[in-house]
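Sequence positions, counted from 1, serve as the residue numbers for this chain. Counting starts at 1 for both ligands and their atoms, following the listed order.
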Amino acid sequence: MPDTDFRSPRLHVDASLTAGSQVPLDRNQANYLGNVLRLGSGDRILVFNGRDGEWQAAISGRKRPEHLDVITLNRAQDGLPDLHYVFAPLKHARLDYMVQKAVEMGASALQPVLTRFTQVSRVNSERMRANVIEAAEQCGILSLAAVNEPIALDRWLAQRPPEHLLVFCDEAAETANPAAALEALRGHPARGIDVLVGPEGGFAEDERASLLRQPGLLRLSLGPRILRADTAAVAVLALVQTALGDWTGPEKHA
Ligand code: SAH
């Protein structure tokens with residue numbers, strides 16, 4: 001990725017970004033820049049808000065960072081591929097991990113679905129959004145993945161776009177090469193992709209039967225072993241990005 005500056009710290013802010021604008025820093029941001037990164041007045045960072053691209057900015061403030069002076073546009077705003085990571089929520093630390101990995105792997109939306117064996121009934125969406133921002137700052141992306149409210153699996157199936165490819169990670173599927181199954185779909189008209197991973201307890205039989213009737217379905221085995229859901233997340237998103245997504249290098253326009 002030649003045009004990404006991996007050295008400069010990146011900070012997400014909510015404020016609009018234009019040349020010459022000034023962005024006030026809240027206490028956490030001032031602490032992160034001043035005490036964690038030990039930066040001060042005049043130091044340069046990259047700042048983005050998910051809408052206006054990524055800008056070079058200079059820290060200013062007397063004793064500690066108080067605000068940013070936005071200077072030049074570093075990278076114009078881009079978009080995320082239409083890749084929805086749909087998952088049965090896990091408990092705290094593993095959910096934090098799974099959200100961050102899905103963002104690093106390029107998911108544009110995170111959709112918690114409540115299934116029969118999901119062991120979590122409430123999801124802290126604010127905590128998920130904080131993890132999305134932290135992962136976006138770290139992995140160099142300019143957009144923030146959407147964090148959708150949890151929804152029952154059957155309700156999500158009823159409202160998902162039927163033209164989306166549905167990659168159903170099924171622990172009960174016969175072992176078969178997932179890369180070959182995904183590669184076979186390359187070149188099909190570009191459409192959104194929904195990737196579904198179940199809970200620790202797996203999918204219930206009636207859920208599996210309903211899933212296998214879905215339009216646009218690709219039932220995927222992730223090998224002969226049972227993966228933890230957060231392992232499955234990284235594995236399937238790597239396969240999808242390699243076969244159908246943006247790991248294949250810049251778009252080859254025919
Ligand atoms: N019943 C098992 C399955 C849970 S694994 C258990 O209790 O451990 C959690 C989720 O990860 C599954 O629902 C599935 O979506 C995915 N997964 C795990 N291993 C898989 C595999 N070998 N093939 C396909 N999906 C898998």
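Put simply, the side chain of Arg64 never gets that close to the backbone of Asn31: no donor and acceptor are under 3.5 Å apart.
Looking only at atom types and distance, the side chain of Glu174 has no donor-acceptor partner in the side chain of Ser221 under 3.5 Å away. Between the side chains of Asp82 and His164, at least one donor N or O sits under 3.5 Å from an acceptor N or O. For the residue pair Asn148 and Gln111, a side-chain donor N or O sits within less than 3.5 Å of a side-chain acceptor on the partner.
Every residue two or more places apart in sequence or in another chain that forms a side-chain hydrogen bond (donor to acceptor under 3.5 Å, both in side chains) with Ser143 is listed here: Gln77.
The pair Arg208-Asp170 meets the salt-bridge criterion, with a side-chain N (NZ, NE, NH1 or NH2) lying under 4.0 Å from an Asp/Glu carboxylate O.
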Check ligand 1 against the protein and report each N/O to N/O distance under 3.5 Å, formatted as atom name, atom name, distance.
residue  : atom   : partner : partner atom : Å
ligand 1 : 7 (O)  : Glu200  : O            : 2.3
ligand 1 : 8 (O)  : Glu200  : O            : 3.3
ligand 1 : 13 (O) : Glu171  : OE1          : 2.9
ligand 1 : 13 (O) : Gly198  : N            : 3.4
ligand 1 : 15 (O) : Cys169  : O            : 2.7
ligand 1 : 15 (O) : Gly198  : N            : 2.9
ligand 1 : 19 (N) : Leu227  : N            : 2.9
ligand 1 : 22 (N) : Gly223  : O            : 3.0
ligand 1 : 22 (N) : Arg225  : O            : 2.7
ligand 1 : 23 (N) : Leu222  : N            : 2.8

